[in-house]
J.: 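The structure is given below, and queries will be raised subsequently.
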Number of protein chains: 2
Amino acid sequence: MSDYVTLLKESGLKATFQRLHILEVIDKYGHITIEAIYEEVRKVHPSLSVATIYKNIIIMVENSVLVEVPIVGNKSKYELAKRDHMHLICTECGEVEDRPCSAGTDEIFAFLTQQEHFKLTKQQINLYGICSHCQEAAAS
Amino acid sequence: MSDYVTLLKESGLKATFQRLHILEVIDKYGHITIEAIYEEVRKVHPSLSVATIYKNIIIMVENSVLVEVPIVGNKSKYELAKRDHMHLICTECGEVEDRPCSAGTDEIFAFLTQQEHFKLTKQQINLYGICSHCQEAAAS
DNA sequence: CTTCATGCAAATAATTTGCAGTAAG
DNA sequence: CTTACTGCAAATTATTTGCATGAAG
């Protein structure tokens, strides 16, 4: 799994134990808050400081290793950078799941971009609702 | 303009001077941060406290009078609740503009919802990029 | 070696809370 | 009247910063 080393170096960042550990935790959970990363990471590496997490999240977002997913009514979560996708965000349990962008949205956006003279750099499509799991739980 | 009184009452909230004032500021700016609301509002009503702004934003979001628009790398902005639309968010100047959801996206989402058994309650489509104004400014 | 990253503690910023006083309906 | 709202100050939480030490390349 540790080709995070390559990823970091290609981004001009040193591959420290702390960064690799943070990346592994994010990968494991898919989408995770800073606070949760901190709690998870310090199980293995108790001396790792919050300041280090903040500094690293910021620099890894700047270098497009990570992506911030801001969430209505909650703290932002972070995910590994990957090709465009949508988020299904459950407002009950807070889980975030990725889904491919439906065919067609690309064209719509491309059109909008040209018509608007808006230089698109990033899109975030976030669908909020109740996941099937929480719906089942509510039905009992 | 002050049919915010009706809006608030229908939502079960008292129509205080402070709330009306906050709503007018949000309407005037379209999309605005809590901090900016505070600065704007205290020009007219210097004794209005930040705590009041926070409490009111929270309760008006809960009652669907307002909508939070979380923004990557920045504080959330708030807007009056209105029918679904997209946001064009300029990463240079921070401006947010509304655009109608392109025809077609509704169907895509409806389909996804059924297929996923995900009970959709809200969608946020945020397109980040550089607005035409900032592109021109950069070209000089 | 040299540069960049870490960890700590302190500083700052953001948000929340409790409560006594006030205004809305 | 009665309930909900405001404003203040204090408490809490979140984030940032500076700097001496340590690790990566």
Side-chain angles (χ1 to χ4, degrees), chain A residues 2-25 32-63 65-66 68-78 94, chain B residues 2-25 32-63 65-66 68-78 94:
Chain A
S2 252
D3 238 358
Y4 293 136
V5 175
T6 313
L7 175 59
L8 288 170
K9 287 186 184 166
E10 283 174 355
S11 305
L13 301 173
K14 286 187 177 175
T16 63
F17 174 75
Q18 290 85 340
R19 283 179 186 158
L20 294 172
H21 199 350
I22 291 171
L23 289 173
E24 274 161 22
V25 168
I32 185 170
T33 62
I34 289 188
E35 189 186 15
I37 294 170
Y38 181 53
E39 281 164 16
E40 188 67 18
V41 135
R42 71 193 334 245
K43 287 181 188 166
V44 174
H45 189 314
S47 68
L48 203 160
S49 72
V50 228
T52 297
I53 307 230
Y54 276 100
K55 287 170 184 167
N56 279 321
I57 295 292
I58 291 168
I59 204 173
M60 289 194 284
V61 168
E62 280 173 359
N63 287 280
V65 173
L66 298 180
E68 179 188 352
V69 183
I71 296 178
V72 167
N74 278 99
K75 304 251 197 68
S76 288
K77 294 191 172 187
Y78 295 84
Chain B
S2 253
D3 238 357
Y4 291 136
V5 175
T6 313
L7 175 59
L8 287 170
K9 287 187 183 164
E10 283 174 356
S11 305
L13 301 174
K14 288 187 175 174
T16 63
F17 174 75
Q18 290 84 341
R19 281 179 188 159
L20 294 172
H21 198 351
I22 291 171
L23 289 174
E24 275 160 22
V25 169
I32 184 170
T33 62
I34 289 188
E35 188 185 15
I37 294 171
Y38 181 54
E39 282 165 16
E40 189 66 20
V41 136
R42 70 192 335 243
K43 288 180 189 166
V44 174
H45 190 315
S47 68
L48 203 160
S49 72
V50 229
T52 297
I53 307 230
Y54 275 101
K55 286 170 186 168
N56 279 320
I57 295 292
I58 291 168
I59 205 174
M60 292 194 284
V61 168
E62 278 173 1
N63 288 279
V65 173
L66 298 180
E68 179 188 352
V69 184
I71 296 179
V72 167
N74 280 98
K75 303 250 197 68
S76 287
K77 293 190 172 186
Y78 295 84

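FYI, side chains are in, hydrogens and waters are out, and symmetry mates aren't considered; it's all heavy atoms of this structure. Here is how names work: the chains are called A, B, and so on, in the same order as the sequence lines, proteins then strands, and each is numbered from 1. Quick caveat: nothing in here was measured; it's all calculated off a predicted structure.
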J.: Starting from C1' on D:dA14, measure out to OH on A:Tyr78 and report it in whole angstrom.
T.: 12 Å
J.: Without decimals, in angstroms, what is the distance between A:Glu39 CD and D:dA14 P?
T.: 10 Å
J.: Return the value, rounded to whole Å, for the distance between atom CD of B:Glu68 and atom C1' of C:dA14.
T.: 14 Å
J.: 5'-most contact on DNA chain C: B:Glu35 or A:Arg19, nearest heavy atom basis?
T.: A:Arg19
J.: Take atom OH of B:Tyr38 and atom P of D:dC8, then tell me their distance rounded to the nearest Å.
T.: 8 Å
J.: Taking all heavy atoms of B:Ile53 and all of B:Ile22, pick out the closest pair and write down the distance.
T.: CA-CD1, 4.3 Å
J.: I need the residues from residues 45-60 of chain B with at least one non-hydrogen atom less than 4.0 Å from DNA chain C; give them sorted by number, or say none.
T.: B:Ala51, B:Tyr54, B:Lys55, B:Ile58
J.: Restricting to side chain to side chain donor-acceptor pair (under 3.5 Å), what partner residues turn up for B:Gln18, sequence neighbours left out?
T.: none
J.: Check whether any side-chain heavy atom of A:Val72 lies under 4.5 Å from a side-chain heavy atom of B:Val61, and answer yes or no.
T.: no
J.: Figure out the CD/C1' separation between B:Glu10 and C:dA24, and round it to whole Å.
T.: 17 Å
J.: Is the shortest heavy-atom distance from the side chain of B:Glu24 to the side chain of B:Val41 under 4.5 Å?
T.: no
J.: Can you find a heavy atom in the side chain of B:Val65 that is under 4.5 Å from one in the side chain of B:Ile59?
T.: no
J.: Could you check how far CG of A:Leu8 sits from C1' of C:dA5, rounded to whole Å?
T.: 12 Å
J.: Can you tell me which residue pairs pass the side-chain hydrogen bond (donor to acceptor under 3.5 Å, both in side chains) test with a partner in residues 45-60 of chain A, sequence neighbours excluded?
T.: A:Arg19-A:Asn56, A:His45-A:Ser47, A:Ser49-A:Thr52
J.: What is the separation between atom CD on A:Glu62 and atom P on C:dA5, rounded to the nearest whole Å?
T.: 11 Å
J.: For C:dG7 and A:Gln18 - does any side-chain N or O of the residue sit under 4.0 Å from the phosphate oxygens OP1/OP2?
T.: yes
J.: With sequence neighbours excluded, what pairs up with A:Glu35 under the salt bridge (Lys or Arg N to Asp or Glu O under 4.0 Å) test?
T.: A:Lys75
J.: Do A:Ile32 and A:Lys77 make a side-chain contact, defined as non-hydrogen atoms from C-beta onward lying under 4.5 Å apart?
T.: no
J.: I'd like a table of atom pairs between the protein and nucleotides 23-25 of chain D - only N or O on both sides, under 3.5 Å - with the distance next to each one.
T.:
residue	atom	partner	partner atom	Å
D:dA24	N3	A:Lys14	NZ	3.3
D:dG25	OP1	A:Ala15	N	3.4

J.: With sequence neighbours left out, what residues match A:Ile58 under side chain to side chain contact (heavy atoms under 4.5 Å, CB included)?
T.: A:Glu62
J.: Find the distance A:His21:NE2 to C:dA5:P and express it as a whole number of Å.
T.: 19 Å
